[in-house]
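Below is one structure, written out as structure tokens; comments come after it.
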Amino acid sequence: MGFGDLKANTGLKVLNEFLADKSYIEGYVPSQADIAVFEALSGAPPAELFHALRWYNHIKSYEKQKASLPGVKKPLGKYGPVNIEDTTDSAPKDAKEDDDDDIDLFGSDDEEESEEAQRIRDERLAQYESKKSKKPALIAKSSILLDVKPWDDETDMGKLEECVRSIQMDGLLWGSSKLVPVGYGIKKLQIQCVVEDDKVGTDVLEEKITAFEDYVQSMDVAAFNKI
């Protein structure tokens with residue numbers, strides 16, 4: 001039982017004829033029998049032996065799963081036609097055949113695929129880091145409505161607002177304003193502003209606004225909303 005010398009053309013022809021009406025060496029699914037015969041070959045069969053070549057390419061696609069295929073690997077002489085003796089192991093070898101035996105038909109592809117996968121992964125990581133570094137940082141901002149109260153009804157509210165708007169800071173933008181009656185002829189200044197949270201706080205605004213003590217009695221936060 002066997003294929004003869006699978007490293008010779010005669011053995012490959014026997015394998016080709018054997019596979020003319022079969023998909024696998026044994027049974028109906030790929031198994032360790034296919035792996036045993038596959039590893040005995042020195043390379044892909046020639047194109048004219050299309051049954052053997054079809055089988056070879058199909059089994060080669062299982063290179064990553066070969067260890068998990070069913071069955072137990074047996075000597076080559078246990079596979080193939082019953083009327084042919086396997087001579088693959090006992091056939092004389094020249095230097096070239098010795099070199100062929102050293103070739104790992106599965107391992108080399110694994111190594112190449114591993115290197116290729118590593119290269120692709122590195123490229124994608126580099127692209128991600130590049131996009132991440134170019135993406136503008138999100139700036140936290142808040143919209144604040146301030147109530148600025150004068151001392152009395154004789155306070156120059158125009159001058160008071162001018163003093164408030166004179167406050168200029170990085171991250172501060174003044175908006176609309178209006179005068180709101182509070183009673184006894186007194187009006188307060190209600191003014192909108194937008195601030196960058198990391199640069200301007202309400203405590204800083206209060207300190208700077210109440211510094212105009214000739215006009216400002218107090219400052220309160222009427223509304224505070226994150227943008």
Side-chain angles (χ1 to χ4, degrees), residues 29-30 57-70 104-227:
V29 295
N57 290 330
H58 181 55
I59 299 305
K60 192 173 188 294
S61 69
Y62 286 91
E63 56 188 355
K64 291 184 179 180
Q65 302 104 310
K66 65 175 184 176
S68 62
L69 293 180
D104 184 351
L105 297 175
F106 288 107
S108 60
D109 287 340
D110 282 342
E111 184 178 351
E112 290 175 5
E113 287 191 4
S114 177
E115 292 176 355
E116 179 67 11
Q118 181 66 40
R119 183 186 65 79
I120 293 173
R121 184 161 51 250
D122 290 344
E123 286 182 357
R124 288 178 179 173
L125 284 173
Q127 291 172 0
Y128 171 77
E129 291 298 333
S130 177
K131 289 180 180 179
K132 186 177 178 181
S133 64
K134 293 178 182 178
K135 187 177 180 180
L138 182 63
I139 300 175
K141 294 182 180 181
S142 298
S143 175
I144 306 175
L145 184 63
L146 302 175
D147 281 346
V148 184
K149 297 176 182 177
W151 288 105
D152 51 39
D153 60 345
E154 295 182 357
T155 301
D156 186 341
M157 297 303 292
K159 184 65 177 178
L160 184 150
E161 181 174 354
E162 182 182 330
C163 290
V164 171
R165 289 186 181 275
S166 70
I167 300 172
Q168 299 296 318
M169 299 172 60
D170 183 25
L172 170 64
L173 179 64
W174 293 110
S176 60
S177 65
K178 64 180 180 179
L179 296 177
V180 180
V182 295
Y184 303 101
I186 300 174
K187 296 180 179 180
K188 64 181 178 180
L189 173 68
Q190 199 166 72
I191 186 167
Q192 190 86 29
C193 67
V194 174
V195 301
E196 292 182 20
D197 296 348
D198 290 341
K199 297 179 180 178
V200 182
T202 54
D203 53 341
V204 176
L205 287 174
E206 182 176 13
E207 180 183 346
K208 289 185 175 295
I209 289 174
T210 55
F212 298 105
E213 55 188 18
D214 291 340
Y215 301 96
V216 179
Q217 179 191 50
S218 64
M219 186 214 84
D220 296 312
V221 177
F224 188 104
N225 296 293
K226 292 287 185 180
I227 298 177

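No hydrogens, no waters, no symmetry mates; every other heavy atom, side chains included, goes into these values.
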Test log, rule side chain to side chain contact (heavy atoms under 4.5 Å, CB included), inputs K149 and D220: CA-CA 8 Å; K149 297 176 182 177; D220 296 312; 3.6 Å; yes
Test log, rule salt bridge (charged side-chain N to carboxylate O under 4.0 Å, His left out), inputs K159 and E162: CA-CA 5 Å; K159 184 65 177 178; E162 182 182 330; 3.6 Å; yes
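In terms of heavy-atom proximity, V164 sits nearest to W174 at O-CZ2, 3.4 Å. Considering every non-hydrogen atom in both S176 and R165, the closest pair reads C-NH2, 4.0 Å. Listed here is the closest heavy atom pair of I144 and T202: CD1-CG2, 3.8 Å. Here the shortest heavy-atom pairing between P30 and P70 reads O-CD, 3.4 Å.
By the side-chain hydrogen bond (donor to acceptor under 3.5 Å, both in side chains) test, E213 pairs with no residue at all, sequence neighbours left out. With sequence neighbours left out, the side chain to side chain contact (heavy atoms under 4.5 Å, CB included) criterion links R124 to I120. For D156, the salt bridge (charged side-chain N to carboxylate O under 4.0 Å, His left out) test picks out no residue, with sequence neighbours left out. Listed by chain and number, the residues in a side chain to side chain contact (heavy atoms under 4.5 Å, CB included) with D152 are E154, T155 (sequence neighbours excluded).
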Hey, can you pull the donor-acceptor pairs under 3.5 Å for the side chains in residues 204-211, sequence neighbours left out?
{"from": "T210", "atom 1": "OG1", "to": "E206", "atom 2": "O", "distance (Å)": "2.6"}
{"from": "T210", "atom 1": "OG1", "to": "E207", "atom 2": "O", "distance (Å)": "3.4"}

Identify each donor-acceptor pair in which a side-chain atom of residues 187-201 lies under 3.5 Å from a protein atom, sequence neighbours left out, and give them as a table.
{"from": "K188", "atom 1": "NZ", "to": "D147", "atom 2": "OD2", "distance (Å)": "2.9"}
{"from": "Q190", "atom 1": "NE2", "to": "D147", "atom 2": "OD1", "distance (Å)": "2.9"}
{"from": "Q192", "atom 1": "NE2", "to": "S143", "atom 2": "OG", "distance (Å)": "2.6"}
{"from": "E196", "atom 1": "OE1", "to": "K199", "atom 2": "NZ", "distance (Å)": "3.3"}
{"from": "D197", "atom 1": "OD1", "to": "S142", "atom 2": "N", "distance (Å)": "3.4"}
{"from": "D197", "atom 1": "OD1", "to": "S142", "atom 2": "OG", "distance (Å)": "2.7"}
{"from": "D197", "atom 1": "OD2", "to": "S142", "atom 2": "OG", "distance (Å)": "3.3"}
{"from": "D197", "atom 1": "OD2", "to": "K226", "atom 2": "NZ", "distance (Å)": "2.6"}
{"from": "K199", "atom 1": "NZ", "to": "D170", "atom 2": "OD2", "distance (Å)": "3.1"}

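You'll find the side chain of L146 reaches within 4.5 Å of the side chain of V221, heavy atoms only. Proximity of W151 to L160: side-chain heavy atoms (C-beta onward) are nowhere separated by under 4.5 Å.
Rounding to the nearest 0.5 Å gives a distance of 11.0 Å between OG of S166 and CD of E161. A distance of 9.0 Å separates CD of Q168 from CG of L173, quoted to the nearest 0.5 Å.
Every pair tested for salt bridge (charged side-chain N to carboxylate O under 4.0 Å, His left out) that includes a residue from residues 173-186 fails, sequence neighbours excluded, so the list is empty.
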